[in-house]
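The next block holds one structure in the form of structure tokens; read it before the comments.
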Amino acid sequence: MADATVYNNLIGGEWVPSKSGKTFTSYNPANTSDIIGIFQDSNGDDIDAAVAAAKAAYARWRLVPAPKRAEILFRAAQLLTERKEQYAREMTREMGKVLEETRGDVQEAIDMAYFMAGEGRRMYGQTTPSEMPNKFQMSVRQPLGVCGIITPWNFPMAIPSWKLLPALIVGNTAVIKPAEDTPLSTFNFVQTLMDAGLPPGVVNIVTGYGPTAGEPLVRHPDVPVISFTGSVETGRHVATVGAQYLKHVALEMGGKNPIIVMEDANLELALNGILWGAFGTTGQRCTATSRVIAHRNVAEELTNRLAERAIQVQVGDGLESGMQMGPVINQQQLETINGYVQVGQQEGARLVTGGQRLREGSHAQGYFFAPTIFADVQRTMRIAQEEIFGPVVSIIPVDSFAEAIDVANDVPYGLSASIYTQDVNRAFVAMRDLYTGIVYINAPTIGAEVHLPFGGTKATGNGHRESGTATLDVFSEWKSIYIDYSGSLQRAQIDNAE
Ligand code: NAP
């Protein structure tokens, strides 16, 4: 403990300790004796200081031409590319997912930086003809001010990048409160932005716990927009608090994402997709495949082949070569997953494989859970309805394509859905009728790219989208501008009326 690095908050370009005088320790979930660092357990006073710094920086940053802001983002993308391996390794230590996936997480931040840098030279508005002579009109995006950013632990660099980069390119400044389980990757990301030339105070980091460090940000009167990713429970609370201040609140929350496997599917392809979708990131993705809706003609074969493959998944420390699945994030998550396994058995689902914590050998040092498959699951069971956020997948047999679509949509969430079929007509009906923000055909429920909108329907969100150009709508407001060069008073809807 004596050797552990102490990380301070970043406020106005300075690294400063919390005014609370308190800290917390972050551990490697694959080996809990490995300390990642000691971070500030911040409070409302720290948030006040960070918001003040962001507000002061906003006065200058909003006037920097967007193509110049873009050059900083572009340089950050280049620096991230150089640092990718180091940051990926630190991320695996910090949150557990295997190195191949943490490289992907950093890559997503790189992609987003290049994409948003491009927006610095686009950021299109509209021009439209006026109904009056000698009058010009257009719309432009304007920044909002200080953005409050609250992020989860499962994509500790990608998600901060999805939020910070569009906020910055539009001309906002920000205060970010990362998840307490994964602050280091946010530090790495923001340090890179500063090394690329981001001025002091434009991005500020305040670490700590949700209720003590996150909530003061949501309540702060000088923060007009909150961008939140996390659980439905917290998101609903954040939206409720934000509503009292009439804030813009953009929420990205959970999922209960299905893969439909029709009787005509390429089963080998579907198996590969299910394994990646369900057990990638140890099932801790908002887009993880947690339901397989299988046509009854293939359900048994699919279940047996999936079980054979699941027991071969290499589970262990994500820094070791050959590992395919790392630990879950913490003890609490382990208990949640374990609880759902018991619920599934009590409800009458058939536990095909897994279902227990792994404790042998090096597994004893961390939070490892076996890849778990339930078969004969009914659509109404809790394990088929609630987000588990772990390596647990439920196979639900159905008798028809229509029933498959109906079951897919019959959950409170609507993030991602997928269908494996060779029938182009069914594929198009699925694209139309699956009520989710993302649909995949013959690919698993994970695999989004940064230049299309990302987000979901129903309890997954509140109508906003991240990524793509759609995310600019979260971090800007439209201003419509009318320029009358006629030299006389022209009254719209009156002077040109018949
Ligand atoms: P969480 O517990 O809701 O936490 C999310 C963030 O909110 C954390 O930084 C947390 O701080 C903070 N927080 C907690 N209480 C708060 C409060 N009262 N006021 C302000 N902030 C508060 O979620 P999580 O466990 O980190 O992440 C898992 C969830 O995120 C899953 O449901 C997953 O589906 C969802 N997710 C969604 C997407 C998407 O794009 N749709 C992407 C990834 C993850 P602490 O760190 O102290 O808890």
Side-chain angles (χ1 to χ4, degrees), residues 24 26 39-44 47 94-95 97 105 108 148-163 175-183 185-186 205-220 223 226-242 247 249-257 281-290 328-330 332-334 336-337 386-390 411-416 436-438 445-446 448 450 453-468 470-471 474:
F24 66 91
S26 175
F39 295 86
Q40 302 304 307
D41 180 357
S42 311
N43 61 21
I47 290 290
E94 182 178 38
M95 65 77 66
K97 63 187 172 187
D105 197 307
E108 205 157 336
I149 311 276
I150 298 175
T151 52
W153 45 264
N154 62 340
F155 279 84
M157 190 172 289
I159 292 178
S161 82
W162 293 356
K163 297 177 184 301
V175 176
I176 181 166
K177 202 300 279 176
E180 103 250 355
D181 283 308
T182 56
S185 295
T186 299
I205 309 174
V206 177
T207 57
Y209 295 91
T212 43
E215 185 135 352
L217 186 58
V218 181
R219 290 189 181 277
H220 202 293
V223 178
I226 298 291
S227 174
F228 167 89
T229 297
S231 63
V232 167
E233 193 188 11
T234 313
R236 184 174 282 121
H237 176 71
V238 164
T240 306
V241 173
K247 295 191 182 210
V249 178
L251 305 173
E252 290 294 339
M253 299 173 289
K256 192 67 190 171
N257 314 291
T281 322
T282 323
Q284 302 171 114
R285 289 192 187 214
C286 49
T287 51
T289 305
S290 58
V328 301
I329 187 71
N330 54 33
Q332 190 190 347
Q333 195 59 27
L334 205 57
T336 301
I337 296 165
E386 298 174 19
E387 186 181 50
I388 298 173
F389 226 54
V411 289
Y413 300 101
L415 183 50
S416 180
T436 52
I438 305 168
T445 54
I446 64 181
V450 301
F454 182 95
T457 60
K458 299 189 277 186
T460 295
N462 61 345
H464 300 279
R465 290 292 182 270
E466 310 224 83
S467 290
T471 189
V474 172

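Bear in mind the structure is a predicted one, so any value in this text is a computation, not a measurement. Counting convention: from 1, in listed order, for ligands and their atoms alike.
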**Fill in**
Y209 heavy atoms within 4.0 Å reach ligand 1 at atoms 47 (O)

**Prompt:** So is T229 polar-close to ligand 1, meaning N/O to N/O under 3.5 Å?
**Reply:** no

**Asked** Can S227 and K163 be counted as having a side-chain donor-acceptor contact under 3.5 angstrom?
**Response** yes

**Message:** If the cut-off is 4.0 Å to any non-hydrogen atom of K177, which atoms of ligand 1 fall inside it?
**Reply:** 8 (C), 9 (O), 10 (C), 11 (O), 45 (P), 46 (O), 47 (O)

**Message:** When you compare ligand 1 with T151, is there at least one nitrogen or oxygen pair between them that comes in under 3.5 angstrom?
**Reply:** yes

**Request:** Give me the one residue out of E108, E252, E466 that meets side chain to side chain donor-acceptor pair (under 3.5 Å) with W162.
**Result:** E108

**Message:** Yes or no: does F155 have any heavy atom under 4.0 Å from an atom of ligand 1?
**Reply:** no

**Prompt:** Is K177 positioned over the aromatic face of F228, cation under 6.0 angstrom from the ring centre and no more than 45 degrees off axis?
**Reply:** no

**T282 side chain to G390 backbone, donor-acceptor under 3.5 Å** = no

**Message:** Can you confirm whether or not the ring centre of W153 sits under 6.0 Å from the ring centre of F389?
**Reply:** yes

**Prompt:** Looking only at non-hydrogen atoms, which of N330, T281, T234, L217 approaches atom 14 (C) of ligand 1 most closely?
**Reply:** T234

**Prompt:** Relative to the heavy atoms of E180, which atoms of ligand 1 are at a distance of less than 4.0 Å?
**Reply:** 45 (P), 46 (O), 47 (O), 48 (O)

**Asked** Can a donor-acceptor pair be found between the side chains of K458 and T436 at a distance below 3.5 Å?
**Response** no

**Message:** Between T445 and T287, is there a side-chain donor-acceptor contact under 3.5 Å, judged purely by atom types and distance?
**Reply:** no

**Request:** Taking atom 4 (O) of ligand 1 as the reference point, report whether a protein heavy atom occurs under 4.0 Å from it.
**Result:** no

**Request:** Under 4.0 Å from a heavy atom of I150: give me the atoms of ligand 1 that qualify, with their elements.
**Result:** 6 (C), 7 (O), 9 (O), 12 (C), 20 (C), 21 (N)

**Message:** Would W162 count as a polar contact of ligand 1, with the cut-off being nitrogen or oxygen pairs under 3.5 Å?
**Reply:** no

**Candidates T207, V206, T186 - the one meeting side chain to side chain contact (heavy atoms under 4.5 Å, CB included) with I176** = T186

**Request:** Determine, considering heavy atoms only, which of S231, G210, A213 sits nearest to atom 17 (C) of ligand 1.
**Result:** G210

**Request:** Provide the number and element of each atom of ligand 1 under 4.0 Å from a heavy atom of I159.
**Result:** 42 (C), 43 (C)

**Prompt:** Of the protein's non-hydrogen atoms, which lies at the shortest distance from atom 36 (N) of ligand 1, and what is that distance?
**Reply:** C286 CB, 3.6 Å

**Message:** Between the side chains of E386 and K256, is the shortest nitrogen-to-carboxylate-oxygen separation below 4.0 Å, so that they form an ion pair?
**Reply:** no

**Request:** Note the single closest protein heavy atom to atom 35 (C) of ligand 1, along with its residue, its atom name and the distance in Å.
**Result:** G230 O, 3.2 Å

**Prompt:** At a non-hydrogen distance cut-off of under 4.0 Å, which region of N154 contacts ligand 1 (side chain, backbone, both, or neither)?
**Reply:** side chain

**Message:** Applying side-chain hydrogen bond (donor to acceptor under 3.5 Å, both in side chains), can you list everything that pairs with E94, at least two apart in sequence or on another chain?
**Reply:** S185

**Asked** Quick one: nearest non-hydrogen protein atom to atom 28 (C) of ligand 1, plus distance?
**Response** F389 CE2, 3.6 Å

**Prompt:** Can you tell which part of E387 has a heavy atom less than 4.0 Å from ligand 1: side chain, backbone, both or neither?
**Reply:** side chain

**Asked** Which atoms of ligand 1 have any heavy atom of H237 under 4.0 Å away?
**Response** 18 (N)

**Request:** Output the list of atoms in ligand 1 that are nearer than 4.0 Å to some heavy atom of E215, sorted by atom number.
**Result:** 17 (C), 18 (N), 19 (N), 20 (C)

**Item:** For atom 41 (N) of ligand 1, the protein heavy atom that lies nearest, with its residue and separation
**Value:** M253 O, 2.7 Å

**Asked** Could an N or O of ligand 1 be found under 3.5 Å from any N or O of D181, whether backbone or side chain?
**Response** no

